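Numbers here are sequence positions counted from 1. The shown structure was predicted, so the numbers you read here are calculated from the model rather than taken from an experiment.
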Amino acid sequence: MRSGEELDGFEGEASSTSMISGASSPYQPTTEPVSQRRGLAGLRCDPDYLRGALGRLKVAQVILALIAFICIETIMACSPCEGLYFFEFVSCSAFVVTGVLLIMFSLNLHMRIPQINWNLTDLVNTGLSTFLFFIASIVLATLNHRAGAEIAAVIFGFLATAAYAVNTFLAVQKWRVSIRQQSTNDYIRARTESRDVDSRPEIQRLDT
């Protein structure tokens, strides 16, 4: 029988051999940090955005556009129908686009696509929706046949116009602030780079 020291030495050699073979093995378990994982894992609703002015306006726009679209869809007969079709297109498009933006902002999905200027995207959407809803509501109000569904669609169309107009005003302010912050960051970065060049005389000799 082996002594205790020999057994301890054998166990040490075995553990070191297993560590070396494990380190040199190409089949290592690949573990990725949770913070670096992509996809839909870790999505959480942002309650601060939904409680804010922009979040509440987005929810109101989606609801008003949906109600306006439902009202216009209940109309069975129309003559002429151009105004009804235009209002139907505007309300449906506004509901879909604004709903997608609401999901992107409320789940912070826009942070995963920094290549897109989301402030400008929101500004363009709200500006176009304000203009199109206003025109569509006026046209429908002019050509309506005093039906209950048409009157309700016009009312919700003007309410949606007001909600989009307020959001456009806030989006313009947010866009201006983002432009100012970007210009300030660019100025600070340029000053920092110029100071680094001034503090390194070897770069100045190479330039001359």
Side-chain angles (χ1 to χ4, degrees), residues 39-40 42-179:
L40 299 179
L43 289 181
R44 292 186 306 171
C45 182
D46 187 3
D48 294 333
Y49 175 79
L50 296 176
R51 295 193 194 102
L54 293 176
R56 292 180 180 180
L57 284 173
K58 278 285 182 293
V59 174
Q61 291 161 13
V62 171
I63 294 175
L64 292 174
L66 178 61
I67 295 176
F69 178 73
I70 294 174
C71 291
I72 207 68
E73 284 295 311
T74 58
I75 300 175
M76 298 300 177
C78 61
S79 178
C81 297
E82 288 78 8
L84 187 145
Y85 293 153
F86 180 62
F87 189 92
E88 180 183 11
F89 167 76
V90 171
S91 58
C92 181
S93 301
F95 168 73
V96 172
V97 176
T98 307
V100 171
L101 289 177
L102 176 61
I103 295 174
M104 297 291 291
F105 291 145
S106 60
L107 296 179
N108 288 327
L109 291 175
H110 64 290
M111 302 296 292
R112 304 192 178 189
I113 313 176
Q115 296 82 4
I116 300 177
N117 190 338
W118 292 102
N119 292 330
L120 184 59
T121 302
D122 186 33
L123 175 60
V124 172
N125 172 64
T126 53
L128 286 177
S129 298
T130 301
F131 176 76
L132 293 177
F133 251 123
F134 181 70
I135 298 299
S137 300
I138 290 179
V139 172
L140 187 62
T142 304
L143 301 178
N144 76 81
H145 302 84
R146 298 184 184 279
E150 290 180 330
I151 296 175
V154 170
I155 293 175
F156 284 104
F158 280 116
L159 290 176
T161 302
Y164 277 106
V166 175
N167 196 350
T168 302
F169 174 75
L170 296 178
V172 169
Q173 289 185 334
K174 187 176 181 180
W175 179 61
R176 289 179 177 177
V177 170
S178 64
I179 290 180

* Please report the C-alpha distance between T130 and F134 in whole Å, then the side-chain angles of each, then the deciding distance to 0.1 Å, and finally whether the side-chain contact (heavy atoms from CB on, under 4.5 Å) criterion is met. => CA-CA 6 Å; T130 301; F134 181 70; 5.6 Å; no
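- Contact detail for C71 and F156: the closest heavy-atom pair is SG-CD1, 4.4 Å.
- Atom CG of residue L54 and atom CG of residue D122 lie 7.0 Å apart, to the nearest 0.5 angstrom.
- In this structure a side-chain-to-backbone donor-acceptor pair under 3.5 Å is missing from W118 to F105.
- Counting heavy atoms of neighbouring residues, nucleotides and ligands inside a 6.0 Å radius, atom CZ of F158 exceeds 12 of them.
- Under the salt bridge (Lys or Arg N to Asp or Glu O under 4.0 Å) criterion, no residue pair touches residues 163-174, with sequence neighbours excluded.
- For S106, the side-chain contact (heavy atoms from CB on, under 4.5 Å) partners two or more places apart in sequence, or in a different chain, are Y49, L50.
- Between A153 and I72, the shortest heavy-atom contact is CB-CD1, 4.1 Å.
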* Given side-chain contact (heavy atoms from CB on, under 4.5 Å), test L64 with F133 step by step and report yes or no. => CA-CA 11 Å; L64 292 174; F133 251 123; over 6 Å; no
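- Atoms CG and CD, on N119 and Q173 in that order, are 12.5 Å from each other to the nearest 0.5 Å.
- Residue pairs satisfying the side-chain hydrogen bond (donor to acceptor under 3.5 Å, both in side chains) criterion with at least one member in residues 131-142, sequence neighbours excluded, are absent.
- At least one side-chain heavy atom of L123 sits under 4.5 Å from a side-chain heavy atom of T168.
- In this view, F95 and V62, A65, L66 satisfy the side-chain contact (heavy atoms from CB on, under 4.5 Å) rule, not counting sequence neighbours.
- Taking L57 as the reference, Q61, V166, N167, L170 meet the side-chain contact (heavy atoms from CB on, under 4.5 Å) condition, with sequence neighbours excluded.
- R56 and R51 make their closest contact through NE-O, 3.1 Å (heavy atoms, listed as atom of the first residue, atom of the second, distance).
- The structure places NE2 of H110 at 11.0 Å from OG1 of T121, a figure rounded to the nearest 0.5 Å.
- Sorted by first and then second residue, the salt bridge (Lys or Arg N to Asp or Glu O under 4.0 Å) pairs with a member in residues 90-109 form an empty list; sequence neighbours excluded.
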* To do: Step by step, work out the side-chain contact (heavy atoms from CB on, under 4.5 Å) result for F87 and L84.
  => CA-CA 5 Å; F87 189 92; L84 187 145; 5.9 Å; no
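- Atom-to-atom distance recorded for I70:CD1 and S91:OG is 10.0 Å, nearest 0.5 angstrom.
- Residues passing the side-chain contact (heavy atoms from CB on, under 4.5 Å) test with I179, sequence neighbours excluded: W175.
- Sorted pairs that involve residues 59-80 and meet salt bridge (Lys or Arg N to Asp or Glu O under 4.0 Å), not counting sequence neighbours, are lacking altogether.
- With sequence neighbours excluded, the residues satisfying disulfide bond (SG atoms under 2.5 Å apart) with C81 are C78.
- Atom CD1 of I63 and atom CG of L159 lie 12.0 Å apart (nearest 0.5 Å).
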* Can K58 and T126 be said to form a side-chain contact (heavy atoms from CB on, under 4.5 Å), step by step? -> CA-CA 10 Å; K58 278 285 182 293; T126 53; 4.0 Å; yes
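- Annotation for I75 and A149: closest pair CG1-CB, 3.7 Å, computed over non-hydrogen atoms.
- The stretch residues 151-161 participates, sequence neighbours left out, in no side-chain hydrogen bond (donor to acceptor under 3.5 Å, both in side chains) pair at all.
- Among residues two or more places apart in sequence or in another chain, the side-chain hydrogen bond (donor to acceptor under 3.5 Å, both in side chains) test is passed with S129 by none.
- Note that CG of L140 is 11.0 Å distant from CZ of F86, once rounded to the nearest 0.5 Å.
- Residue pairs meeting the salt bridge (Lys or Arg N to Asp or Glu O under 4.0 Å) criterion with at least one member in residues 91-100, sequence neighbours excluded, do not occur.
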